[in-house]
Amino acid sequence: MKKLLEPITINTMTLKNRMVVSAMVTGFCKADGYATEQFIAYHEAKAKGGWGLIIPEDYVIAPGVGGSRDLPGLFSDEQIASHKQLTDRIHAAGGKIACQIYHAGRRIVRSDNGMQPVAPSALKFAGAPSEIPRELNKQEIEEIVTQFADCARRVKAAGFDAVEIHGAHGYLIHNFVSPFSNKRCDEYGGSIVGRSKFAVDVVKAVRQAVGKEFPVLYRMSVIDGVDGGITIEEAKAMAIRLEEAGADLLHVSQGGDFNYIVSPASSMSKACYIDHAAEIKKVVNIPVIGVGRINDPFLAEEILVSEKADLVTMARASLADPDFPNKVAAEQYTDINYCIGCLQGCTKGCLVNPITGYESVYNLQKTTEPKTVYVAGGGITGCEAAIAAAMKGHHVVLFEQSDKLGGQWLAACVPPGKTDFATLIIWQKRQLQKLGVEVRLQTVLTKELVQAEQPDKIIIATGSKAILPPIEGIHSDHVVLANDVLLGKKDVGKHVVIVGGGSVGAETADHVALHGSKATVVEMLPEIAGDASARPRKLLLERLADKGVILHTATKVTAISQHAVLAEKNGEMFVIPDIDTVVIAAGVRSNNTLQEELQAFADRIVLAGDAKQTKDGYHNMREGFEAGLEI
């Protein structure tokens with residue numbers, strides 16, 4: 001990892017390595033813009049973890065101009081002191097920190113702060129909010145330029161090592177740069193010179209406010225991901241102008257109104273946007289940061305050695321493991337908790353690491369009164385509960401009825417684009433071993449075992465079981481469960497009907513279609529994969545369409561015969577003929593029979609995960625961790 005761990009100097013700021021944490025919204029501040037203990041502790045953990053540069057979430061340059069309410073701000077001198085506490089603690093931990101400043105433009109949410117969205121042109125943001133913004137006049141534009149400069153002055157006073165101007169992701173500066181959102185017919189519109197004028201003016205004003213020796217970074221979107229948006233060639237022209245205006249570094253991102261491309265989901269390829277950084281790097285003489293689902297140290301090293309970028313953003317990797325750089329430096333690659341690209345947490349936490357964002361909330365000190373803790377269930381919830389209890393110093397025994405750990409997560413790793421999900425199981429197994437947890441595979445925790453061995457606490461994390469809806473013919477030999485198909489326990493034929501179009505059913509359809517089967521999905525609700533996160537869902541639906549998967553929504557299966565499925569939609573019956581296999585993915589219900597069996601030990605029992613109530617992976621992991629932590 002020679003290149004990844006190599007220092008780099010940007011203006012007068014020297015970073016100890018090339019790993020960057022870019023800005024991610026947390027909601028850990030309040031509407032007053034002051035830094036909170038939760039906000040500071042969250043970033044302090046990354047500084048202790050060895051990241052070269054940390055960039056907290058977007059600081060608003062004026063009251064009410066953010067894309068959400070609970071954002072940090074430096075629009076008043078009174079706010080400086082609280083953010084000086086942040087920078088002091090980052091520096092004490094050996095880190096460097098830049099402050100990203102921004103104006104949300106037409107992405108301002110009026111319901112949160114009362115401000116009307118504003119933009120270069122009266123064109124509404126394609127996502128939420130959907131209010132038509134007010135077009136800014138020249139005087140207002142100049143006032144906003146001044147606000148950026150004043151904010152930058154406070155950034156320097158608060159002890160930050162650099163300032164980053166947010167000119168990406170559909171916010172105000174990007175609105176001016178992009179032809180998709182800028183239809184002005186004055187000096188701020190038209191050609192790239194006109195559309196970049198506001199950005200150039202902001203860079204120049206910020207440079208004047210902070211002086212020549214204070215690093216000024218600029219985050220830019222080089223594509224919008226939509227017809228009529230900015231292209232890479234225009235972005236290269238823009239990059240030249242930004243360097244001339246005084247930028248010391250370009251942080252090359254992507255995305256505007258359609259932000260599913262800003263944070264790539266697991267199904268998107270690794271380093272999927274790094275060639276954009278390489279293109280920008282060709283035309284400037286200042287360092288360039290590359291982005292785009294870079295979660296592996298060897299991948300990051302390859303990017304730097306290939307000279308496609310000078311630094312790499314590994315933001316979500318820092319959520320999964322704040323100690324990532326320290327582990328890389330120590331060559332402890334098997335101890336890294338890798339980001340899986342699930343997009344279930346990210347904003348206020350992380351699926352694979354429940355501690356992230358809660359550094360100031362959880363008490364991680366070892367107990368002075370260790371107990372014997374039994375955990376029933378070796379899925380990710382049970383494993384996380386065992387890890388947390390062992391971290392606290394308890395003696396933990398984990399019981400799993402099958403011959404391997406992972407539970408239903410084993411099936412979750414199988415659909416296209418979800419291979420990285422396996423790293424969570426691998427990491428948990430490694431931690432269980434390191435923490436000395438006793439794992440009893442092919443062993444069911446029973447009442448007799450509890451009576452014989454008398455554990456102090458029992459965490460029941462026995463997960464859930466598949467629901468079999470009352471459909472005629474559902475117990476036929478050619479009817480199988482989705483997880484059994486994904487795990488290779490059951491084969492399917494040429495034409496497969498999947499009953500249930502939630503995430504599991506839709507991903508199973510994606511899987512069997514990829515492997516050559518014709519797939520038809522029947523879902524009772526009005527939409528497919530409605531339980532999925534927005535960005536992964538969009539990509540999943542696109543894949544299903546590309547593979548020709550037939551989707552029936554608001555439809556109920558009423559009967560299954562040997563070679564056909566009978567279904568009903570809007571009161572009308574129809575037949576899906578020539579089927580080979582029916583796959584059931586109709587949801588799950590809690591499997592908590594052990595709780596009833598152990599009623600005599602009710603005061604020792606803690607329920608966690610699906611055994612308590614069915615939910616997604618993010619909430620199961622957090623619940624499991626908290627169950628172990630609170631013993």
Side-chain angles (χ1 to χ4, degrees), residues 349 351 353-355 358 361-409 424-425 427-465 588-631:
L351 185 152
N353 185 358
I355 299 174
Y358 293 80
V361 177
Y362 291 149
N363 177 12
L364 302 178
Q365 290 185 341
K366 285 200 171 187
T367 181
T368 57
E369 299 179 358
K371 297 179 174 64
T372 298
V373 180
Y374 279 13
V375 180
I380 61 168
T381 303
C383 287
E384 198 66 16
I387 289 168
M391 285 173 56
K392 291 289 288 185
H394 299 296
H395 171 63
V396 183
V397 183
L398 176 62
F399 295 82
E400 168 54 39
Q401 66 178 355
S402 72
D403 62 351
K404 60 184 67 174
L405 298 176
Q408 296 191 46
W409 200 257
L424 172 57
I425 299 173
W427 183 84
Q428 287 186 324
K429 289 163 68 175
R430 170 75 168 157
Q431 300 314 303
L432 292 170
Q433 181 184 38
K434 288 180 65 177
L435 290 165
V437 173
E438 180 185 346
V439 178
R440 299 185 191 176
L441 296 176
Q442 296 180 293
T443 306
V444 177
L445 181 61
T446 63
K447 179 181 178 181
E448 289 73 24
L449 262 173
V450 171
Q451 286 177 328
E453 301 183 11
Q454 292 293 318
D456 299 304
K457 286 290 183 179
I458 305 159
I459 299 174
I460 298 177
T462 44
S464 55
K465 288 187 175 181
V588 294
R589 66 175 183 273
S590 295
N591 176 29
N592 55 9
T593 55
L594 182 59
Q595 181 184 19
E596 184 176 348
E597 184 182 341
L598 297 178
Q599 278 187 350
F601 306 93
D603 59 331
R604 308 184 198 181
I605 290 174
V606 179
L607 276 179
D610 279 356
K612 183 177 184 181
Q613 182 179 4
T614 58
K615 59 186 75 68
D616 62 18
Y618 172 83
H619 291 94
N620 274 331
M621 283 284 287
R622 183 163 302 285
E623 196 165 271
F625 184 80
E626 291 179 349
L629 196 69
E630 293 170 6
I631 289 175

I387 and L432: CA distance, side-chain angles, deciding distance, side chain to side chain contact (heavy atoms under 4.5 Å, CB included) verdict: CA-CA 6 Å; I387 289 168; L432 292 170; 3.7 Å; yes
Side chain to side chain contact (heavy atoms under 4.5 Å, CB included) assessment of V375 paired with V437: CA-CA 10 Å; V375 180; V437 173; over 6 Å; no
From CA spacing to verdict: side chain to side chain donor-acceptor pair (under 3.5 Å), D610, N591: CA-CA 7 Å; D610 279 356; N591 176 29; over 6 Å; no
May I have the step-by-step check of side chain to side chain contact (heavy atoms under 4.5 Å, CB included) for Q433 and R430, ending in yes or no? CA-CA 5 Å; Q433 181 184 38; R430 170 75 168 157; 4.0 Å; yes
For side chain to side chain contact (heavy atoms under 4.5 Å, CB included), just list the numbers for M391 and I355, CA-CA rounded to whole Å, side-chain angles, deciding distance to a tenth of an Å, and then say yes or no. CA-CA 12 Å; M391 285 173 56; I355 299 174; 4.1 Å; yes
Given the rule in the side chain to side chain donor-acceptor pair (under 3.5 Å) test, do E400 and S402 qualify, once you have shown the distances and angles that lead to the verdict? CA-CA 6 Å; E400 168 54 39; S402 72; 2.7 Å; yes
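The NZ atom of K366 lies 12.5 Å from the OG1 atom of T368; values are rounded to the nearest 0.5 Å. For the atom pair Q365 CD and K392 NZ, the distance stands at 7.0 Å (nearest 0.5 Å). Here the straight-line distance linking atom CD of Q442 with atom NZ of K404 works out to 10.5 Å at 0.5 Å rounding. We find the CD1-CD1 distance between I460 and I605 to be 4.0 Å, quoted to the nearest 0.5 Å. Expressed to the nearest 0.5 Å, how far OG1 of T614 lies from CZ of R589 amounts to 11.0 Å. Rounding to the nearest 0.5 Å gives a distance of 8.5 Å between CD of Q451 and CG of L598.
Contact record, G624 with A608: CA-CB, 4.2 Å, taken as the closest heavy-atom pair. In terms of heavy-atom proximity, A611 sits nearest to S590 at O-CB, 3.7 Å. Of all heavy-atom pairs spanning L594 and A376, the tightest one is CD2-CB, 3.6 Å. Closest non-hydrogen pair, C383 versus L398, comes out as SG-CD2, 4.0 Å.
At least one donor-acceptor pair under 3.5 Å links the side chain of Q408 to the backbone N or O of S464. The main-chain N or O of A627 is never found under 3.5 Å from a side-chain atom of E630 such that the two would form a donor-acceptor pair. Judged by distance alone, the side chain of D456 and the main-chain N or O of T372 form a donor-acceptor pair under 3.5 Å. The closest donor-acceptor contact from the side chain of R604 to the backbone of I458 lies at 3.5 Å or more, if one exists at all.
Between E384 and I380, every side-chain heavy-atom pair lies at or beyond the 4.5 Å cut-off. Put simply, the side chain of P455 does not reach to within 4.5 Å of the side chain of V397, judged on heavy atoms. Annotation: side chain of F399 is in contact with side chain of L449 (closest heavy-atom distance under 4.5 Å). Residues L364 and L629 form a side-chain contact, since some pair of their non-hydrogen atoms from C-beta on lies under 4.5 Å apart. In this structure, the side chains of Q613 and H619 stay at 4.5 Å or more apart for every pair of heavy atoms. Taking 4.5 Å as the limit, every side-chain heavy atom of L405 sits out of range of all side-chain heavy atoms of Q428.
A salt bridge between R440 and E453 is present, with a side-chain N of the basic residue lying under 4.0 Å from a carboxylate O of the acidic one.
Inspection of the E623 and T381 side chains reveals no N or O donor paired with an N or O acceptor under 3.5 Å.
Heavy atoms from other residues, nucleotides or ligands lying under 6.0 Å from CD of E448 number more than 12. Heavy-atom contacts from other residues, nucleotides or ligands closer than 6.0 Å to CD of Q401 number 12 or fewer. The neighbour count for K429 NZ, taken as heavy atoms of other residues, nucleotides or ligands under 6.0 Å away, does not exceed 12.
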